Amino acid sequence: MSPMQIPTVESSPIKEPNSNQAQAQTTLHSATKTSSDDESVTQGGAKTYNLVERIYFLYVRVVKARDLPMINFIGSIDPFVEVNIGKYRGFTEHLENKLDPEWNQVFAFSRERMQAFELDVVIKHKDLVKDDLVGNVRFDINEVPLILSPEISLAPEWYQLEDKNGDKIKGELMLAVWIGTQADKAFPDAWHADAATPFGCTPFVARAVCSKVYHAPRLWYLRVNVIEGQDLFPTKEDQLPNIFVKIKLENSVLRTRKCQVRTSNPIWNEDLLFVAAEPFEDHLVLSVEDNVASGKDEIIGRVIIPLNSVEMRADYRNINSCWYKLERPVSVNGDQLKKEKFFSRIHLRVCLEGGYHVLDESPYYSSDLRPPARQLWQPSIGFLELGILNAEGLVPMKTRDGRGTSDTYCVAKYGHKWVRTRTIAGNLCPIFNEQYTWEVYDMATVLTVGVFENNQLLEGKNNTKDHKIGKVRIRLSTLEAGRVYRHSYPLLVIHSTGVKKMGELHLAIRVPCTSFVNMLYQYSRPLLPKMHYKRPLTVMQQDTLRNQALSTVAMRLAQAEPPLRKEVVENMCSIESHYWSMRRSKANFFRLMSVFSGLIAVGKWFEYVCKWRNPITTVLIHVLYLMLACFPALILPALFLYIFLKGIWNYRFRPRYPLPMNTRISYAESADPDELDEEFDTFPTSRSSDLVRMRYDRLRSVAGRIQTVVGDFATQGERFQALLSWRDPRATAIFVVFSLTVTLVFSLVKLQVIAALAGFYVMRHPIFRDSLPSIPLNFFRRIPTRADSLL
């Protein structure tokens, strides 16, 4: 049998099977006849695991060993297990002085990359010079059972150890060896030994290359209302206190303003907002400080409030306030509090806001809009199934053995669930074939999939950042329910040297709908929870809290194993989209122009009609306009009939696939090199003072033009307001008399006649026109505005 064939056997690999193993093997023949599209696998409510091609893996579960012989002269052993198949190896961690060690680790070897017939599982003793052989267990690959159903797990068994000559020796090793697919339950926790080539699957490397599902913490807003203080006496009795309150939660520090009246009973009544993450294990540290001199503050008292004791609310009901006793700090940094009789108090109202959605990503690409309070959640409307198939034509990110290569993994984010595929090492066309599932609560959300270069494979170099290769964003509302989309998306990245295509990512996406009525009902609901409209936050608060939330999520995900690094989280959340960029400003300006391009085109066409360039068209427009003026009831039906027919006509040209990144509308191809260098500058800047001065002058020039345009809009609006303000008594008198005249005319003449005459006047022949501005426009431009009062 060829080593690339998948064996299907009914015998045990080494010894008689137990009941679980026999049950697994009885299903092998029927399982091999089932196509991957018909395979039903439940995964978090998903329908089937059929968006990706089936990949076979050899799984080796190393559980534990017992009765191991002593190796060194002091009568102990430091065992570890080495799993070998051909040129691929995987290692467990070594345990010091353990005769009955326990590892419970799973190794996975891609069946397509294996070129050997035997699997060796070897127990060795860790030594400084050379590792000593303790014993091994050998398997014939052709006799390893095939298990396709993820619901069936192969029970591990005890195997007697053998020496290098094949003789039985003391000690046993508990193992389970089987061939399965990426749908197997062991796949997410498996250490992919062949993916780490040529490094060998050491425990450090294994953690860096394995796939993982992460759950970001649920975030809450923490509202601290600092009301007042009582008996806050300063440290120096000969001067009045200048008191403020400083509040710290994790790495976030906020402070109130200084009390305007210097008194020992100050009143602030100020709200401070923080971002808190579940589980609430942190403490809110509040200190009252006195500003005794410029740049010098002294702590009057401090109080520590555990977050798990703070009251929660999901609406805007009132929360009872509470007086907290302050305690003096013993040490200089205030880490310890002095338990003594101390009468200073502070009045606070503290609560966890569960009615707001906490933004931890760019609001333009939100993947979740739910509040943290579960009682406010609506039922899910479907599932999002994502198959990460493969990448093609990746640009080499590093050099190994004299050739360009890349160690690639993908990260997908939707809602609170983040997923990371295994790392495919040394391959510019990696094949992932991994499928993941999310619950969908709103179709107006965005799925983000990023491709990154893994720079953590070499032990001791884990401080190197993972580089981004590219990113794909897909809005779920652009997908048809139940349809499978298989498409290659270009990985476009803009560098300081310009836009560059880094390769292509092939994805398969499906959004099965569980409730079509609820899906349509979502279009009538507010986009954000009610609290955002009942008690809205300011723009500055939203920006500050978004940065806090992103830092909290990045810190929590970085503490996972393997960690999802901070640079990956920030890139997936598009934190850089809020920084100034000349390129983005141009792109947004021309996006705005394209929005009004339709109105501009209609205006040019109407001007074409009014100038009688084509008399036949103009006459037909006159006839049509006269019909609408005489029968105004036809206007709205005709307008909506046109909209209906236009929509039906455009159905033929609907997008077949979600739109990829567009370099043209992003103005990435035409961006100036200096503009790109400015975009990729650090914050704060790291460029020379002369370059920063030049860019600042350019920014002032651009901002000046924008300022002029905004001022022009304000001027026109103020002229409308000034028509009846009598600032210009003659102009207001003329407008009042004109209004009276129009009232008399509308009361005596039918509206249809007035509309017809007005339309014919606007579309009059050029011989009746004058090149000078009209009388109403001349009058309007003479109205005074508040610009006269500007300094």
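The shown structure was predicted, so the numbers you read here are calculated from the model rather than taken from an experiment. Just so you know, residue 1 is the first one in the sequence shown, and it goes up from there.
For the ring pair (Phe, Tyr, Trp, His ring centres under 6.0 Å) test, no residue two or more places apart in sequence or in another chain qualifies with Phe432. Every residue meeting the salt bridge (Lys or Arg N to Asp or Glu O under 4.0 Å) condition with Lys501, not counting sequence neighbours, appears here in chain and number order: Glu504. Shown here are the ring pair (Phe, Tyr, Trp, His ring centres under 6.0 Å) partners of His487, two or more places apart in sequence or in another chain: Tyr489, Tyr657. The salt bridge (Lys or Arg N to Asp or Glu O under 4.0 Å) check on Asp368 picks up Arg370, with sequence neighbours excluded. Remark: Asp442 engages no residue in a side chain to side chain donor-acceptor pair (under 3.5 Å) (not counting sequence neighbours). Evaluation of the salt bridge (Lys or Arg N to Asp or Glu O under 4.0 Å) rule for Glu392 yields no partner, not counting sequence neighbours. Partners of Arg652 according to the salt bridge (Lys or Arg N to Asp or Glu O under 4.0 Å) rule, which considers only residues two or more places apart in sequence or in another chain, do not exist here. Qualifying side chain to side chain donor-acceptor pair (under 3.5 Å) partners for Tyr409, counting only residues two or more places apart in sequence or in other chains: Asp466. A search for side chain to side chain donor-acceptor pair (under 3.5 Å) contacts involving Asp189 returns nothing, not counting sequence neighbours. Taking Arg583 as the reference, Glu679 meet the side chain to side chain donor-acceptor pair (under 3.5 Å) condition, with sequence neighbours excluded.
Within 6.0 Å of atom CZ in Arg591, 12 or fewer heavy atoms from other residues, nucleotides or ligands are found, so the atom counts as exposed in its surroundings. More than 12 heavy atoms of other residues, nucleotides or ligands sit less than 6.0 Å from atom CD1 of Ile55. Tyr651 OH: 12 or fewer foreign heavy atoms inside a 6.0 Å radius. Other residues, nucleotides and ligands place no more than 12 heavy atoms under 6.0 Å from the CZ atom of Phe644.
Here the side chain of Arg556 pairs no donor or acceptor atom with the backbone of His215 at under 3.5 angstrom. Remark: side-chain polar atoms of Lys471 are paired, donor with acceptor, to backbone N or O of Asn571 under 3.5 angstrom. Judged by distance alone, the side chain of Trp438 and the main-chain N or O of Tyr414 form a donor-acceptor pair under 3.5 Å. Judged by distance alone, with hydrogens and angles left aside, the side-chain atoms of Asp407 form no donor-acceptor pair with the main-chain N or O of Glu453 at under 3.5 Å. A donor-acceptor distance shorter than 3.5 angstrom exists from the side chain of Arg218 to the backbone of Pro372, with no hydrogens or angles considered. Looking at Ser406, its side chain never comes within 3.5 Å of a backbone N or O of Pro396 through a donor-acceptor pair. In this structure, Glu567 contributes its side chain and Lys465 its backbone to no donor-acceptor pair below 3.5 Å. Listed for the Tyr533 side chain is a donor-acceptor partner under 3.5 Å among the backbone atoms of Leu528. Under the 3.5 Å distance criterion, the side-chain polar atoms of Gln435 are matched with a main-chain donor or acceptor of Leu51. When atom types are taken as modelled, the side chain of Thr423 and the backbone of Ala425 share no donor-acceptor pair closer than 3.5 angstrom.
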task: Give the C-alpha distance, both sets of side-chain angles, the deciding distance and a yes or no for side chain to side chain contact (heavy atoms under 4.5 Å, CB included) between Leu359 and Leu545.
output: CA-CA 8 Å; Leu359 283 174; Leu545 293 171; over 6 Å; no
- request: Could you check Tyr523 against Ser477 for side chain to side chain contact (heavy atoms under 4.5 Å, CB included), going step by step and ending with a plain yes or no?
  value: CA-CA 10 Å; Tyr523 283 86; Ser477 58; 4.1 Å; yes
- prompt: Where do Ser366 and Glu361 land on the side chain to side chain contact (heavy atoms under 4.5 Å, CB included) test, with the steps shown first?
  reply: CA-CA 6 Å; Ser366 294; Glu361 54 194 341; 4.1 Å; yes
Verdict with reasoning, Val568 to Arg420, per side chain to side chain contact (heavy atoms under 4.5 Å, CB included): CA-CA 11 Å; Val568 175; Arg420 166 180 170 160; over 6 Å; no
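By the 30° and 60° cut-offs, the orientation of the rings of His532 relative to His357 is tilted.
Across all non-hydrogen atoms, the minimal contact from Ala116 to Ile85 is CB-CG1, 4.2 Å. The two residues Glu480 and Tyr485 have their closest heavy-atom pair at N-OH, 2.9 Å. Between Arg510 and Asn50, the shortest heavy-atom contact is NH2-OD1, 2.8 Å. Here the closest heavy-atom approach between residue Met397 and residue Lys468 is recorded as CE-O, 4.3 Å. Counting all heavy atoms, side chain and backbone alike, Val62 lies closest to Phe107 at CG2-CE1, 4.1 Å. Heavy-atom minimum distance, Pro371 versus Gly354: CB-O, 3.3 Å.
Sorted by first and then second residue, the salt bridge (Lys or Arg N to Asp or Glu O under 4.0 Å) pairs with a member in residues 521-530 form an empty list; sequence neighbours excluded. Residue pairs meeting the ring pair (Phe, Tyr, Trp, His ring centres under 6.0 Å) criterion with at least one member in residues 499-521: none, sequence neighbours excluded.
With Leu505 as the partner, the side-chain contact (heavy atoms from CB on, under 4.5 Å) test is satisfied by one option alone out of Val451, Asn390, Leu389: Val451. Checked against Phe57 for a ring pair (Phe, Tyr, Trp, His ring centres under 6.0 Å), the options Phe187, Trp191, Phe109 give a single hit: Phe187. A side-chain contact (heavy atoms from CB on, under 4.5 Å) with Leu384 is found for one member of Ile474, Thr445, Val511 and no other, namely Val511.
With rounding to the nearest 0.5 angstrom, the OH atom of Tyr56 is 5.5 Å from the CG atom of Leu148. Summarising the geometry, atom OG1 belonging to Thr408 is positioned 11.5 Å from atom CZ belonging to Phe452; distances are rounded to the nearest 0.5 Å. The CG atom of Asn454 lies 10.5 Å from the OG1 atom of Thr464; values are rounded to the nearest 0.5 Å. Interatomic distance, CZ of Arg475 versus OG1 of Thr448, reported as 9.5 Å (0.5 Å rounding).
Within the 4.5 Å cutoff, side-chain heavy atoms of Pro430 are placed close to those of Leu394. Between Glu570 and Leu550 there is a side-chain heavy-atom pair separated by less than 4.5 Å. No side-chain heavy atom of Val484 sits under 4.5 Å from any side-chain heavy atom of Ile509.
Using modelled atom types, one finds a donor on one side chain and an acceptor on the other under 3.5 Å when comparing Glu278 with Trp220.
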